[in-house]
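Shown next, in structure tokens, is the structure this report addresses.
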Amino acid sequence: MRIALHALPWLVAIGAYFAMPEQLPLLSAIAIAALFALSLDLLVGYAGFVTLGHAAFFGLGAYVAGILGQQGWGEPISGLLIAAAVAALLGLVTAPLVLRAGELAGLMVTLGLGLMLYEAANKAAFLTGGADGLQGVEIWPVLNTWRFDLWGRTAYLYSLAVLFLLFLLAQLIVRSPFGLSLRAIRENPKRAAAIGIPVKRRLAAAYVIAAAYAGIAGALLAQTTQFASLDALSFQRSAEGLLMLVLGGLGTLYGAVIGAAAFTVAHHALSEASPQFWQFWLGIALVALALLGRGGLMGALRRMTRR
Amino acid sequence: MTAFLSVLLDGVASGMLLFVLSVGLSVTLGLMNVVNLAHGAFGMVGGYVCVVLLNRMGVPFPLALAGATVAAGLLGLVLERTLYVRLYRRDHLEQVLFSIGLVFVLGATVDWFMGARQQLIQLPEWLSGRVEFWGVGLGRYRIFLIAVCGALVAALHLGLVRTRFGAQLRAAVDDGVVARGMGLPVPRLFALTFTLGSALAGLGGALGVEVLGLDPTFPLKYMVYFLIVVAVGGTNTVIGPFVAALLLGIVDVLGKYYVPEVGAFIIYTAMVVLLLARPHGLLKRADA
């Protein structure tokens, strides 16, 4: 029964490939958003550390993979790994700054760092293409076999495979002693420190892991769309990631995936009506989620299955 | 040299505006420990009320400013009593989500009724044009801004230092638990301060249409500026945020004028550096 429940989302994801061949770009977007939300879940959901600038790592990963592809190294999997490494490095450098400042100021430092990177990418047009985005990205076939095609078949299966592997890894992480210590920090940092958990170091590690995850998500976006733009670094993206996560349910891993799917589909459907319409309902959803408490879709599912 | 003085004056004027826009946030953040990213939305609402009153109904400018102040203050009062009050004891993630959501809702609503374009206002005759002082051309509106905002700074400072309400407010910011224990009506102070802060933001938004611009992205665009003022200025004085806003306005305008290629990067860097160097401007109060 448990295994069937765990397999269900992935069977749905594979089924969607056959059922909706004309919606594959949307499905890829869901997989990438899910990976981004997953990275936030590790940091916000498990370690309880709120960030407003997580798009910095997503965008950095996107630009790294994109620039590699543009400069003649289009091998996708090494591209993902390099993007992850660069994003993790940025995480490693900024973690002491963010953690040093304390809770409220730390929140603002994440916001400031995100905006700094956005502005830097905007001004460094020789490298990033500035407001026009990064043009001329060429990505080689995955494992030298599967080309990125016009319909987005390869893009979707590739994104889904990466998401699946990283999801399994995340599951290992959160169930490890390390993951448990993160939860202890979330529940009560002072007690966690009292029982001997090195709080700052664990938080820094979570921050770096989340940065690498976000970097891979951004790199996936750049590789599958063969394009990178300032959108990837925007505050809007950081905020949307948080919303997906809270919509799905914090600290559950599956919540990140379900939230990303629900969010992306709703975005697709509502913004066709009009952009203001979408923004309005997005805002209403945020306010309602904040006021009605957490749990999200996963919480609702749990309550249903418990009955 | 004269060009420099003109630019400097622009910087002072926009710093004063930033002060009026963000002083409410500095008090509410210190008093209630709420991460309110939606503070700029009250400024935006004030700006739009002013534009509608002035351009569509032909109300005189001073009355339009008053209308903007009252409208933003009322909106603040209603939202504080109905929604914000539920968030005081929640964690920061929920406050962040709530206030971003509020920004989206208000921004989309304004966009729906007024469109996404920049709003322009027609200033009255007595405020447009320039006057010469010792060979330096100064915009009349800039001088008007500095006079109005300077008077507000003085009034707020005296209000906080000299009045009974000010003393209660300072006590509540310093230590809410003890203030409550001494019988101070802390929830009522919350509501009053929130209303006043929103009203000031509305006034700032209305005064700023001409200087800062106004479109539905206003709250997000200036969010960082407000947060810097709060972070640098501290939460228990009027003078702290005032100095911070003034510096910010001057650096921002000088930067945009003399090194435009760097853009907003300076401001964001300054924010991060100041937060790291002086987290206590903000944190000492907020964490207590």
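A, B, ... follow the sequence lines: proteins, then strands. Residue 1 opens every chain. This is a predicted model, so every value here is computed, not measured.
Contacts between residues 254-263 of chain A and chain B, defined by a heavy-atom separation under 4.5 Å, are made by no residue at all.
Side-chain contact check for A:Leu242 versus B:Ile100: every heavy-atom pair is 4.5 Å or farther apart. Side-chain contact check for B:Phe265 versus A:Met116: some heavy-atom pair is nearer than 4.5 Å. A heavy-atom distance below 4.5 Å is not found between the side chains of A:Leu286 and B:Phe98. The side-chain heavy atoms of A:Gln279 and B:Val105, taken from C-beta on, include no pair separated by under 4.5 Å. Residues B:Leu97 and A:Val287 are not in side-chain contact: their nearest non-hydrogen atoms beyond the backbone lie 4.5 Å or more apart.
Screening A:Thr94, A:Thr110, A:Leu113 for a side chain to side chain contact (heavy atoms under 4.5 Å, CB included) with B:Val272, the sole residue that qualifies is A:Leu113.
For B:His39, the side chain to side chain donor-acceptor pair (under 3.5 Å) criterion is met by no residue, not counting sequence neighbours.
Looking at B:Leu83, the atoms closer than 4.5 Å to chain A (heavy atoms on both sides) sit in the backbone and in the side chain alike. Residue A:Phe235 touches chain B through its side chain alone, counting heavy-atom pairs closer than 4.5 Å. Using a 4.5 Å cut-off between heavy atoms, B:Ile228 makes no contact with chain A at all. With a 4.5 angstrom heavy-atom cutoff, A:Leu111 touches chain B only via side-chain atoms.
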